[in-house]
Structures are given as structure tokens and as C-alpha cells.
There are 2 protein chains.
Amino acid sequence: MIQRPRGTRDFTPEEMETRRYYEAMMRSACVSHGFREVQTPIFEHTELFTTKSGPGIIEEIYAFKDKGDRDICLRPELTASVIRFFVNDLTNYPRPLKMFYYGPCFRYERPQAGRYREFYQFGAEAIGSPTPEMDAEVIGLAASILERTGLKDYRIRVGHIGLLKGMLRTAGVEGDQALPILQKLDKKMYDEARTLMEAAGMSIESAERVIAMTKVTGPIEVLKDFEGEARTYLEEVFEILGHYGFRNLEVDLGVVRGLAYYTGMVFEVDAPKLGAEKQICGGGSYSLSELFGGEKVFSTGFAIGFDRTLLALEKEGVAPKRFRVKAYVVPVNEGTRKKAYEITAMLRREGVSADMDLMRRNMGKNFKYADAAGVENVIIVGEKEIETNSVNVRDMSTGEQILVPIEGLVARLK
Amino acid sequence: MIQRPRGTRDFTPEEMETRRYYEAMMRSACVSHGFREVQTPIFEHTELFTTKSGPGIIEEIYAFKDKGDRDICLRPELTASVIRFFVNDLTNYPRPLKMFYYGPCFRYERPQAGRYREFYQFGAEAIGSPTPEMDAEVIGLAASILERTGLKDYRIRVGHIGLLKGMLRTAGVEGDQALPILQKLDKKMYDEARTLMEAAGMSIESAERVIAMTKVTGPIEVLKDFEGEARTYLEEVFEILGHYGFRNLEVDLGVVRGLAYYTGMVFEVDAPKLGAEKQICGGGSYSLSELFGGEKVFSTGFAIGFDRTLLALEKEGVAPKRFRVKAYVVPVNEGTRKKAYEITAMLRREGVSADMDLMRRNMGKNFKYADAAGVENVIIVGEKEIETNSVNVRDMSTGEQILVPIEGLVARLK
């Protein structure tokens with residue numbers, strides 16, 4: 001038997017109903033916020049991702065050569081692709097340019113619970129100017145998307161990379177020297193961060209102050225002891241989100257997102273019920289387009305882990321209503337088959353989901369099938385009944401059966 | 001500047017609106033027919049496609065080795081994947097099992113007008129028993145999908161591989177010997193077909209009769225001179241499609257679909273306005289699951305070329321209405337900004353697409369942006385007006401401006 005590749009999934013009809021339901025919900029949240037969808041190819045030139053994240057990423061992705069000896073790879077994420085698209089073709093769009101995307105991404109890593117080699121991301125990127133309004137808009141969209149799904153237990157943690165960078169700079173550490181320190185802090189590997197800070201010439205006291213800073217969490221008021229632009233900026237972001245009506249957020253200066261292109265505000269969303277792999281969203285403001293050969297623009301974006309969000313919803317017991325076919329049309333004999341086709345066609349044209357016996361089953365087997373398939377109603381097309389332009393409709397949940405005129409059938413089933 | 005890979009496309013917000021509109025339309029046609037969506041991985045073990053189509057296919061696809069030295073490839077089509085999924089996991093579902101899918105597929109071929117290396121297919125597969133009802137259901141679904149899109153100029157051409165195979169068998173040619181002949185006939189390469197038939201020992205007369213048969217086209221009555229099961233079968237299929245109300249179909253025995261696993265009815269749909277590359281859908285009944293290690297089941301399916309169908313709609317001048325953001329909310333000064341956020345949040349929560357000034361523009365620049373972005377209404381949040389809980393709403397198409405109470409704003413804009 002040929003199997004699907006390791007770390008990938010097939011989705012059953014039931015799973016796809018759930019997935020499309022939440023995808024549509026997330027899309028409608030974006031549309032109501034004036035974000036518009038874009039789509040980019042499944043594979044890209046590998047250079048796109050090494051430019052963004054360094055050559056080390058090749059180890060973690062599906063990189064290969066095409067028949068023309070070009071280095072291409074399956075995209076591991078979508079921010080790079082969307083910004084490349086912006087640089088190539090979208091620079092003349094009015095700003096702010098607010099975009100969202102949804103699709104599969106790929107990482108070559110050891111598959112484990114909740115981690116797949118093919119996984120889905122839903123995300124957004126807004127390109128414009130670096131204002132607290134813009135950052136609040138993007139955090140607000142992420143929050144609205146999660147709110148609409150019905151997820152209850154999640155926390156939005158907002159930090160500012162500028163605070164940590166500022167403190168390191170004061171201690172004489174910046175640029176390429178600061179990045180590996182930030183990466184260790186991002187992973188909460190404090191000993192390694194300490195070693196790097198000391199190697200960079202920082203005093204033990206400054207190093208401890210930096211580490212202490214990454215442990216600052218709580219309401220916006222926890223920033224009162226800090227000075228400078230970053231604090232004022234975050235206060236404005238929190239104020240705007242308050243006006244929008246969002247309450248479920250807190251400061252967490254431990255949100256570092258250890259990548260060089262993040263410039264200011266950074267945020268993450270956790271669903272604590274997921275345990276160790278609890279992060280379902282990450283984002284922030286960044287500057288990336290100039291790396292791809294475009295003008296420098298300020299951007300803010302996020303990516304939601306679609307699969308993990310669905311897992312979190314499942315753990316909370318949130319589930320969309322199962323789809324069931326409304327009508328299964330069964331002719332009692334060959335003589336009423338023609339009428340049964342006509343009724344099926346009429347229902348389908350009117351948007352009522354309808355099935356018909358395609359296997360030439362007898363009445364008993366047809367009812368057995370209707371039951372197994374979870375059909376809502378069986379429409380029995382009988383000889384006597386069609387003389388009066390009626391059919392019998394049996395409700396499969398209650399077993400109740402009533403005679404319905406064909407002209408009233410759509411209204412009854414809708 | 002880093003470019004997208006050759007033969008792939010990025011889709012702008014406008015293009016995505018069109019694509020999602022038609023995707024949703026096609027999906028709703030499937031749902032109303034009781035078909036249910038499935039999804040399979042973007043890449044598969046290469047073996048899946050060589051098993052189905054022979055080793056020659058490797059030349060035409062994105063095949064590569066992953067880091068674990070496994071032969072994998074980007075899927076060139078979805079029927080093989082869906083049937084593999086069925087064999088692996090879905091054999092216990094009630095039959096008929098009616099599935100549909102939508103997604104990107106990949107072929108390594110020279111990009112040209114209307115042919116891309118990454119392209120999208122929308123298709124369906126029904127697994128059950130080989131009845132004319134099943135085949136009519138599948139052709140009917142393809143027809144309904146196209147009907148719903150609004151496409152007017154298309155032709156459904158239905159053939160039966162059994163008629164040609166029968167004639168070849170009578171002349172002593174079958175199995176592996178027949179396949180290359182069918183492939184030439186499929187491509188209307190008559191000279192090559194003639195040579196192969198003669199080499200297989202057929203008389204010139206029989207060869208000419210076979211070729212003449214592939215030129216039989218017209219209403220179902222053109223089959224009156226043929227005898228046998230295939231004729232009766234197609235007559236039943238046409239009769240059922242007539243009951244369903246489909247008229248736009250004809251017999252075309254030149255539809256051959258030169259692949260070994262097709263067993264009986266085969267069909268194609270053309271949109272003549274597309275010129276040389278006019279085929280937008282192809283399908284038929286086939287037997288494939290046993291090749292992948294499963295039980296033998298009879299299946300009928302089709303794939304619609306999503307990109308070409310959209311191109312055909314465009315050529316017919318059919319276009320979905322452009323999406324425009326309903327409301328662009330502009331505070332007249334800092335004092336009304338808080339109220340503006342609240343109004344924006346209210347509209348969004350009620351499902352009205354709403355944007356707000358995120359760039360701290362002045363009133364004049366905000367109107368210029370609203371115009372460029374194609375916003376429907378500008379909501380002006382003024383100091384005097386909010387004292388009476390009202391805002392001014394300017395309709396950007398007519399220039400008309402009226403005072404609207406905030407509590408009536410959602411109703412007015414919806």
C-alpha cells in the first residue's frame with residue numbers, strides 16, 4: 001500500500017468541514033478589518049529564505065534543485081513571500097496596504113504531536129508607517145480572529161524589542177553582537193545569554209538587569225519604571241486596543257522573537273491548554289523589504305498556527321455543527337425514478353443539498369445507507385403520491401413521516 | 001530583486017477576490033450534490049504517480065529526494081492522491097463515497113500562455129458501483145459547477161472507451177498493445193495510430209473503421225448504428241442527465257483519454273473561446289485503487305482546470321462584483337479619535353468591513369486615500385456631531401453627505 005509522506009496529513013470530509021469553517025471565519029474577520037487576501041507560490045527560490053533567515057535555514061526546509069538546476073524550496077512560512085510579492089508588484093497600491101494569507105507551509109523536522117512537516121498558516125501583513133495605530137490594528141486583527149473562532153482561553157503577550165536592544169546598547173553591545181544574545185533570551189536560555197553578555201564585555205550587574213527585564217510581565221503599568229520611546233509607544237498601543245474593546249492582553253518583555261528584522265513591538269499568543277507547544281500566534285513590526293531589493297518600508301504582521309488553533313478549540317470542546325445532507329431522494333420503483341431525478345435537480349438548484357440512490361438499492365438498504373451517511377431527511381417518491389404532486393418526507397432523527405407537496409419541498413427543507 | 005519562480009504566479013487582492021468567489025461557488029455546487037471535500041498533501045511519494053502513469057511522468061514533474069533520501073514529488077494532479085487516501089483510510093465510509101477537492105498542482109513544463117508550472121485544479125471522485133446513475137451524477141456535477149459560475153459557451157462531450165477497445169479487440173488487438181494506439185487516437189495523431197494498428201496486424205479497413213469511429217460526434221442518436229453494452233450504457237447516462245435538466249451535451253467518440261485505468265465512460269468539456277487550449281475539464285470512470293494496493297472499486301471523477309475556467313469566464317466578460325471596504329472612519333481631530341476607534345470596532349463586530357486612518361493623515365489626504373482605495377463611504381467623526389451621538393457619512397460614489405445617528409449606522413451600511 002502506498003502511504004502518504006511522513007509528517008503530512010490527509011483530511012477526511014469531517015476534518016475538512018471543520019477546517020473550512022474556521023478558515024472562512026478567519027477570512028471574514030480579515031475582510032471586516034479591511035485586510036485583503038493575497039496568494040503566493042507553494043515553492044520559492046531558496047535565496048528568499050536564506051536572505052531573510054540566514055543559510056542555517058536550509059537544514060530545516062525542503063530545499064532541492066529543479067530540472068533547470070535552480071535552487072528552490074517549499075516555503076517554510078509566508079511573510080518572506082508576501083514581502084517579496086510586495087517588492088515585485090504591489091508598491092503602487094495605496095498605503096497602508098493590509099494583506100492576509102492562508103496556506104500550507106513546510107518544514108523538514110522530526111514529526112511529533114502537533115508538529116507536522118506540512119502545516120497551515122493564517123497570517124496578515126500591513127505595510128505603511130510605524131505608528132502605534134498600525135501595530136494596534138494588527139494585534140487587534142489577531143485578537144478578533146481568535147475571538148471569532150470561539151476560543152476562550154488565550155493570552156496576548158506584547159513586548160518591545162527596543163527596550164532590550166536599548167539596554168544592551170547602553171552596555172555597549174549592539175548589532176551582530178546583540179543578535180545571538182537576543183536569540184538565547186528568546187528561548188529563555190539564561191545561562192547561555194549570560195555567557196554571551198559577559199563575553200561581550202558586559203558587567204555581571206548589567207547582564208542580570210537584562211535578564212530581569214525579560215521577566216517583566218503584567219498589565220501595562222509594569223512599564224512605569226522604564227523610560228523612553230518604547231514605553232510610550234507600547235502605552236499608546238495598549239490605549240488604542242482598549243478603545244477597540246480588547247482586554248485580554250498583557251505586557252511580556254520576554255517576548256523577543258530572535259530574528260534580526262524585528263524592529264519594535266513584538267507579540268505572541270498562547271493557548272495554555274495546549275501545554276508545552278502552546279504558542280498559536282506570533283508577530284511584530286519588522287523591516288524586510290530592503291533585504292529583497294525593495295525600498296525600506298515599515299511593516300507589522302503575524303502568523304497564526306492554524307492547526308494548533310484548531311487543536312486548542314478542540315481541547316476547549318468548541319466544535320462546529322456537523323454538516324449533514326438535507327435530502328436523500330429514493331424512488332419506490334423504476335416508474336418513479338424520472339420524477340426522483342427531477343426532484344433532486346430542483347433541490348440542488350435551490351441550494352438544498354440532495355443525494356439520490358445511485359446504487360440501485362432496494363428500499364430497506366436505502367434507509368440503512370441514509371442512516372449510516374447521516375442524512376437529515378429521506379424523500380420517498382411513491383407512485384400514488386406523485387399523482388397528487390406530493391412526496392413522503394421522513395425525518396431521520398425523529399422517524400416522523402409526512403406527506404409534502406413537491407412545490408413546498410424546498411421551503412420545508414431549507 | 002528576488003523574483004518568484006518561473007511559471008508560478010502571485011495573486012493580487014483583486015485576483016484573489018475573483019478566485020475565492022468562484023472557488024466558493026464551485027464548493028457550494030459540490031455540497032448541494034452531497035459531495036464532501038477532502039484534502040491531501042502537496043507532495044507525495046513519487047511512486048504514487050509512476051504507479052499510476054508510468055515512469056515517463058518523472059520527466060514532467062517536480063521530483064526530488066528529501067533529506068531522508070526518499071523520492072518525493074510535488075503532485076501533478078489529485079486523483080491519485082485521493083484514491084490513495086481512500087485506500088489508506090476511507091474504505092469503511094458508506095458508499096457511494098462522493099468526494100471533491102481543490103488545490104495547487106505542479107508540472108515541470110515550458111511555461112506558455114495559460115499554462116503554468118503551478119496551477120489549480122478543482123475536481124471530484126465518486127467511489128461506488130459502475131452504474132449509469134453514478135456516471136450521470138458526476139457529469140452532472142461538472143455541468144452544475146460550470147453552470148453556477150455563469151459560463152455560457154461550453155460543450156460537454158461524452159464518449160465511451162469501451163466502444164474503441166471493443167473494435168480493437170474484435171480485430172485482435174488488446175491490453176498493452178491497444179494502449180499506445182488509444183494514446184495516438186486521443187491526440188488525434190491518425191497517421192501514427194494507423195501505423196501502430198497495421199503493425200499490430202490489423203487490416204487497413206479495420207484501422208480506418210477505428211479512426212472513423214473516433215470522428216463520430218453529435219446527439220445521442222448518432223450511436224444508433226452501434227451495438228452492445230457501451231451504447232446502451234451511454235443512452236442511459238444521457239437519459240438521466242436529461243431528467244436532471246442538462247441539455248448541453250453531445251456524444252464524441254474521439255474523447256479517448258489515453259490512460260490505461262479508464263474503463264468506460266469518458267468526457268471532456270471545452271470552452272471554445274479559449275482557442276487552442278480550450279479544454280477546461282476532463283474525466284471518466286476508472287479503476288485505480290487496486291494499483292495502490294487496495295480492493296478494486298469502480299470510480300468516476302473529473303478535474304476542472306480552475307485557471308482556464310476563470311480565463312474562459314473573463315473572455316465571456318463575466319466578472320464578480322469588486323469588493324470595496326464599506327466604511328473608512330476618520331476622526332476630525334485627536335479629540336474624536338477615541339470615538340472613531342469605538343465606531344470602527346462596532347462596525348467590524350457587526351460584520352461591516354471598516355477601516356480607520358492608521359497613518360495620522362489630515363482630512364484632505366484621508367479623502368484622497370479613501371478614493372484611491374475604493375472605499376464606499378467615509379464616516380467623519382466630528383466634535384459637534386458626537387455630542388448628539390451622530391456622524392457624517394459621505395457616499396464616495398455620489399459625493400452626498402448625510403448625518404446619521406451612530407445607533408443607526410450598522411443598519412445603514414449593511
Side-chain angles (χ1 to χ4, degrees), chain A residues 1-5 8 10-13 16 31-34 36-45 47-48 62 64 66-67 72 84-85 87-89 94 96 104 108 118 128-129 131 133-134 137 240 243-245 292-293 325 338 341-342 345 348 351 353-355 358-360 369 372-373, chain B residues 1-5 8 10-13 16 31-34 36-45 47-48 62 64 66-67 72 84-85 87-89 94 96 104 108 118 128-129 131 133-134 137 240 243-245 292-293 325 338 341-342 345 348 351 353-355 358-360 369 372-373:
Chain A
M1 218 181 261
I2 303 178
Q3 300 293 336
R4 67 180 155 265
T8 67
D10 295 310
F11 297 108
T12 63
M16 279 313 289
V31 170
S32 78
H33 282 66
R36 300 177 71 192
E37 190 169 4
V38 292
Q39 198 164 271
T40 61
I42 294 288
F43 62 88
E44 294 273 2
H45 292 298
E47 180 193 5
L48 181 69
Y62 282 89
F64 56 101
D66 75 4
K67 295 192 207 307
I72 60 175
R84 173 196 56 67
F85 182 22
V87 168
N88 293 161
D89 296 317
Y108 193 85
E118 180 183 46
S129 66
T131 60
E133 286 84 348
M134 181 73 93
E137 172 86 348
I240 297 167
H243 296 327
Y244 276 132
F292 302 154
V325 167
K338 177 170 178 299
Y341 286 124
E342 289 169 11
R348 290 172 170 177
S353 59
D355 246 347
L358 306 175
M359 314 268 283
R360 303 186 177 183
Y369 165 78
Chain B
M1 217 181 263
I2 302 177
Q3 300 293 335
R4 66 180 155 263
T8 67
D10 295 311
F11 297 107
T12 64
M16 278 314 289
V31 170
S32 78
H33 282 65
R36 300 177 71 191
E37 190 169 4
V38 293
Q39 198 163 272
T40 60
I42 295 288
F43 61 88
E44 295 273 2
H45 293 296
E47 181 192 4
L48 182 69
Y62 282 88
F64 56 102
D66 76 4
K67 294 191 208 308
I72 58 175
R84 173 195 56 67
F85 183 21
V87 168
N88 293 161
D89 295 317
Y108 193 85
E118 181 184 46
S129 65
T131 59
E133 285 85 348
M134 180 73 93
E137 172 85 349
I240 297 167
H243 296 327
Y244 276 133
F292 302 155
V325 168
K338 177 171 178 298
Y341 286 122
E342 289 170 11
R348 289 171 171 178
S353 59
D355 245 349
L358 305 175
M359 314 267 284
R360 302 184 177 185
Y369 165 79

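Each chain gets a letter, A, B and so on, in the order the sequences are listed, and its residues count up from 1.
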For [X], which atoms come within 4.5 Å of any heavy atom of chain A: side chain, backbone, both, or neither?
X: Tyr108(B); result: side chain
X: Ile72(B); result: side chain
X: Phe43(B); result: both
X: Pro96(B); result: both
X: Val87(B); result: both

Report yes or no: does Glu118(A) contribute a side-chain atom to a donor-acceptor pair with the main-chain N or O of Ile42(B) at less than 3.5 Å?
yes
Quick check: closest heavy atoms across Phe11(B) and Phe85(A), and the distance to 0.1 Å?
O-CE2, 3.2 Å
In terms of heavy-atom contacts, Val38(A) and Thr12(B) come closest through CG1-C, 4.4 Å
Check whether any side-chain heavy atom of Glu44(B) sits under 4.5 Å from a side-chain heavy atom of Pro5(A), and report yes or no.
yes
State, with a plain yes or no, whether a side-chain heavy atom of Met359(A) is found less than 4.5 Å away from one of Thr131(B).
no
Spacing of Ile2(B) atom CD1 and Glu47(A) atom CD [to the nearest 0.5 Å]:
4.0 Å
Under 4.5 Å, counting heavy-atom pairs only, tell me which of [options] racks up the most with chain A.
options: Gly128(B), Ser32(B), Gly245(B), Pro94(B); answer: Ser32(B)
options: Pro104(B), Ala372(B), Ala354(B); answer: Ala354(B)
options: Lys67(B), Met1(B), Arg360(B), His45(B); answer: Lys67(B)
options: Asn88(B), Val325(B), Asp89(B); answer: Asn88(B)
options: Ala373(B), Gly34(B), Gly293(B); answer: Gly34(B)
options: Met16(B), Gln39(B), Arg36(B), Gln3(B); answer: Gln39(B)

Glu137(B): salt bridge (Lys or Arg N to Asp or Glu O under 4.0 Å) partners, not counting sequence neighbours:
Arg348(A), Lys98(B)
Can you name the side chain to side chain contact (heavy atoms under 4.5 Å, CB included) partners of Lys338(A), sequence neighbours left out?
Glu342(A), His243(B)
Among Gly351(A), Pro13(A), Ala345(A), the residue with the most heavy-atom pairs under 4.5 Å to chain B is Pro13(A)
